[in-house]
Engineer: 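Let me give you the structure first, and then I'll get to my questions.
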Amino acid sequence: MVHRKSFFAGAAATLMVAAACAVALPVQARTFKWASSSDIPSWDVHSQNNALANGIHAAVYESLFYYDRKFQVEPVLATGYQQVSPTQVRITLRKGVKFHDGSDFNADDVVFSLNRAMDKASNFGVYTQGIDKVVKVDDYTVDIFTHGPNPVLLRQLTELRIMDKEWAEKHRSVTPKDMKSKEENHAHRHANGTGPFMLKSWDQDVRMVLVRNPNWWGKMEGNVTEIVYTPIKSEATRTAALLSGEVDMVLDPSPADIPRLRTNPALKVVDGVENRTIFLGMDQYRDELPGSNIKGRNPLKDVRVRRALYQAIDINAIHKNIMRGMSQPTGTLIAPQVNGWTRRADQRYPYDPAAARKLLAEAGYPDGFEVDFACPNNRYINDEAICQAITAMWARIGVKAKLRTLPLVTYFPMIQRYEASIYMLGWGVPTFDALYSLQSLVRSVGAQGDGNYNVGRYSNPQMDALVERIKKEVDQKVRNELIEQALLLSHQDVSHLPLHNQVIPWAMKKNVEMYHRADNRIDMRAVKVH
């Protein structure tokens, strides 16, 4: 039954908004056009844990908590929280919030969304780790029960975006899209959030358009009413688009172009170190590597081989010649902005090809070996060029890496199917806490996000025990000591081959105003186009 009063009130409100927009938009309308190298894999917010997608999703879907400009946690769809006990957190919800289709936001949507993020098809288990159950107290209160004390729960919740339960049920999107399969759900290409912008259209790998949500509950700092995003794989084409005025901003300009962009009077470049570490992972699970000339053995299981590959990489040459100084060479898996980083843990093995050849000989491979090497070609700054350089460096010690490069949309599902022997990965840390990296990258593969991107399947019981303690330790000093132990163990085991932390230059027109974020996300709420 439709209540006539509420129906007509809603219709009147819609007409008023439409009338206001019709009057105001020609005067105030500002379109923000931006580009980067790749597109997002999905609009399903619990499907693929991809940094670019998470940042774009945040303009349309909101979470209970998010970060302010100083990366302090602030309430968004929540209004506050109370630690009822070491394993129970009560969260109060914001009233009067509506989804883009006009339906009300309430506790049912929170319970549904957090459970959806815990689904086996979800790639967001690293953010739900430690959560036992989510219980509705009343329409605007939920309790989150954890398996034990969780010192980073609020930071995890910043990445768990809230969907409308009824919309998901109506459109058969109760389960997240499994990115390992080709099957799609409605949420893959459509969106219904509570955020400041609404998805108007998305032609994957071509163009995405977002428009301002006139009924958003929050206060907009910026003046943008339309956002047009264009994925442009070619660095030269991205730069040309900025120079011609086709786009207002490029998220990932080529380091080679930065000097001339800085001197262009119509443009400006804003720099910052990203909290993203670029590294190589290695298959340490299979007994024999597909496509290798070594039969019956997996050379990558031998720590001497892994260290040889490490010491054959001239990171300073990559920093100088490929990154043009726009990188921060690292010896560990987290950047300095991330809680738990220490200078002691951030020490590289020295570049030493002679030592690398000696290690290979000791391991039984004096003539080297052949190995598959997979890299993305449109995800990280100069990703393909870095991998080509490393391939040449390894060749000098007899390791013949058969390099294959793929676009992001096919690369990530491929490595998650464990189909790469050596692979490149860049790992940002949305929680700004080392647990996020340790649990995802060096914890043995398991449930609730354990090893969700440990696609080389490195496994060490000592590491697993450290990660489990870090999950629940509430004494910050003790916890950070455990993190350092884990990072040092990763270094000792050569679990990965760390390369560098990305330095992110954003290039834009002079008339664009925005603030640089270490997570390489544009806060669309604050963008101004003058």
Side-chain angles (χ1 to χ4, degrees), residues 51 71 252 255 271-282 303 306-352 355-356 375-376 379-383 385-387 389-390 393-394 422-443 453-456 458 463 466-467 470 480 483-505 516-520:
F71 289 98
D252 47 3
D271 304 291
V273 179
E274 189 185 11
N275 66 345
R276 176 178 306 280
T277 303
I278 309 295
F279 54 84
L280 303 179
M282 299 157 285
V303 67
R306 300 197 297 273
R307 182 161 169 176
L309 293 174
Y310 191 136
Q311 295 200 247
I313 296 173
D314 187 347
I315 197 64
N316 290 328
I318 292 172
H319 171 70
K320 180 181 177 182
N321 301 325
I322 297 176
M323 303 307 293
R324 308 292 180 102
M326 299 294 285
S327 65
Q328 187 182 60
T330 183
T332 192
L333 294 175
I334 60 172
Q337 306 100 314
V338 177
N339 177 65
W341 178 91
T342 65
R343 195 168 299 282
R344 182 172 173 235
D346 192 358
Q347 299 295 318
R348 288 189 63 82
Y349 288 112
Y351 167 60
D352 190 338
C375 285
R379 178 62 191 99
Y380 312 114
I381 298 175
N382 290 338
D383 43 16
I386 293 168
C387 291
I390 290 173
M393 292 170 186
W394 284 344
I422 303 179
Y423 57 91
M424 172 182 272
L425 193 59
W427 201 247
V429 188
T431 63
F432 285 81
D433 184 87
L435 173 62
Y436 178 80
S437 299
L438 295 171
Q439 183 189 2
S440 299
L441 303 175
V442 294
R443 173 71 169 80
Y453 264 94
N454 180 1
V455 292
Y458 159 82
M463 180 68 80
L466 282 168
V467 174
I470 293 164
N480 284 351
I483 289 172
E484 185 181 68
Q485 287 178 42
L487 293 173
L488 291 171
L489 180 59
S490 166
H491 178 75
Q492 175 187 312
D493 284 354
V494 195
S495 69
H496 297 76
L497 310 180
L499 299 175
H500 57 248
N501 303 313
Q502 286 196 150
V503 173
I504 299 292
H516 194 285
R517 290 172 58 108
D519 57 6
N520 200 32

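Below, all heavy atoms of this structure are taken into account, side chains as well, without hydrogens, waters or symmetry copies. Please read all numbers here as calculations on a predicted model, not as lab measurements.
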Engineer: Using a 3.5 Å distance criterion without hydrogens, assess whether the side chain of R306 forms a donor-acceptor pair with backbone atoms of S495.
Structural biologist: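 No, because the side chain of R306 does not come within donor-acceptor range (under 3.5 Å) of the backbone of S495.
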Engineer: Take S327 and I318 through the side chain to side chain contact (heavy atoms under 4.5 Å, CB included) test and state the conclusion after the steps.
Structural biologist: CA-CA 9 Å; S327 65; I318 292 172; 5.9 Å; no
Engineer: Per the side chain to side chain donor-acceptor pair (under 3.5 Å) rule, which among Q337, Q328, Q502 passes with E274?
Structural biologist: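 Between E274 and the candidates, side chain to side chain donor-acceptor pair (under 3.5 Å) is satisfied uniquely by Q502.
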Engineer: Are any non-hydrogen side-chain atoms of V338 and T277 less than 4.5 angstrom apart?
Structural biologist: no
Engineer: Which heavy atom of V503 sits nearest a heavy atom of P505, and at what distance?
Structural biologist: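 V503 and P505 have their closest heavy atoms at O-CD, 3.2 Å.
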Engineer: What heavy-atom pair brings D314 and M393 nearest, and what distance separates the two atoms?
Structural biologist: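 For D314 versus M393, the nearest heavy atoms are N-SD, 3.3 Å.
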Engineer: Do side-chain atoms of W394 reach the backbone of A312 as a donor and acceptor pair under 3.5 angstrom?
Structural biologist: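 Between the backbone of A312 and the side chain of W394 there is no qualifying donor-acceptor contact (under 3.5 Å).
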Engineer: Answer yes or no: is there a side-chain heavy-atom contact under 4.5 Å between W427 and I334?
Structural biologist: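 In short, these two side chains do not touch, never coming nearer than 4.5 Å.
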Engineer: Rounded to the nearest 0.5 Å, what's the gap from CG on L280 to OH on Y310? Could you check?
Structural biologist: 11.0 Å
Engineer: Given 3.5 Å as the limit, does a donor-acceptor pair link the side chain of Y436 with the main chain of T431, or not?
Structural biologist: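 No, because the side chain of Y436 does not come within donor-acceptor range (under 3.5 Å) of the backbone of T431.
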Engineer: Is there a donor in the side chain of T332 and an acceptor in the side chain of D346, or the other way round, less than 3.5 Å apart?
Structural biologist: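 No, D346 and T332 have no side-chain donor paired with an acceptor closer than 3.5 Å.
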Engineer: Rounded to the nearest 0.5 Å, how far apart are NE2 of H319 and CZ of R324?
Structural biologist: 12.5 Å
Engineer: Take I278 and M424 through the test side chain to side chain contact (heavy atoms under 4.5 Å, CB included) and record every step on the way to the result.
Structural biologist: CA-CA 7 Å; I278 309 295; M424 172 182 272; 4.0 Å; yes
Engineer: Indicate the ring-plane relationship of F71 and F432, choosing parallel, tilted or perpendicular according to the 30° and 60° boundaries.
Structural biologist: tilted
Engineer: Looking at I470 and A486, what are the two nearest heavy atoms and their distance?
Structural biologist: CD1-CB, 4.3 Å
Engineer: Test your reading of the model: is there a side-chain donor-acceptor pair from N454 to the backbone of S440, 3.5 Å cut-off?
Structural biologist: no
Engineer: Is any side-chain heavy atom of I422 closer than 4.5 Å to one of L497?
Structural biologist: no
Engineer: Taking R348 for its side chain and P498 for its backbone only, find out whether a donor-acceptor pair lies under 3.5 Å.
Structural biologist: yes
Engineer: What are the two closest non-hydrogen atoms of P336 and N501, and how far apart are they?
Structural biologist: CD-ND2, 3.6 Å
Engineer: At what distance, to the nearest 0.5 angstrom, does OG1 of T330 lie from NE2 of H500?
Structural biologist: 10.0 Å
Engineer: Name the orientation class of the two ring planes belonging to H491 and Y349 (parallel below 30°, tilted from 30 to 60°, perpendicular beyond 60°).
Structural biologist: parallel
Engineer: Calculate, to the nearest 0.5 Å, the distance between atoms CD1 and CG belonging to I313 and D352 respectively.
Structural biologist: 13.5 Å
Engineer: Check L466 against Q485 and note the closest heavy-atom contact, atom names and distance.
Structural biologist: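 Heavy atoms only, the tightest pair is CD2-OE1, 3.6 Å.
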Engineer: Does any part of the side chain of L309, heavy atoms only, come nearer than 4.5 Å to the side chain of M282, both counted from C-beta?
Structural biologist: yes
Engineer: Are any side-chain N or O atoms of Y458 and backbone N or O atoms of V494, one a donor and one an acceptor, separated by less than 3.5 Å?
Structural biologist: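 Checking the backbone N and O of V494 against the side chain of Y458, no donor-acceptor pair under 3.5 Å is found.
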Engineer: Going by heavy atoms in the side chains, are I381 and I504 under 4.5 Å from each other?
Structural biologist: yes
Engineer: Any non-hydrogen side-chain atom of L489 less than 4.5 Å from a side-chain atom of V442?
Structural biologist: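 No - every pair of side-chain heavy atoms lies 4.5 Å or more apart.
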Engineer: Locate the shortest heavy-atom distance separating I322 from N382; write the atom from each residue and the value.
Structural biologist: O-ND2, 2.8 Å
Engineer: Are C375 and D383 side-chain neighbours, meaning at least one heavy-atom pair lies under 4.5 Å?
Structural biologist: no
Engineer: As an exercise, state the distance from CZ of F279 to OG of S437, rounded to the nearest 0.5 Å.
Structural biologist: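 Answer for the CZ-OG pair, F279 versus S437, is 7.5 Å.
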Engineer: Less than 4.5 Å apart, any side-chain heavy atom of I483 and any of L487?
Structural biologist: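 Result yes, sub-4.5 Å side-chain heavy-atom pair found.
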Engineer: With rounding to the nearest 0.5 Å, note down the distance linking CG in L441 to CD in Q439.
Structural biologist: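 If I round to the nearest 0.5 Å, the distance is 10.0 Å.
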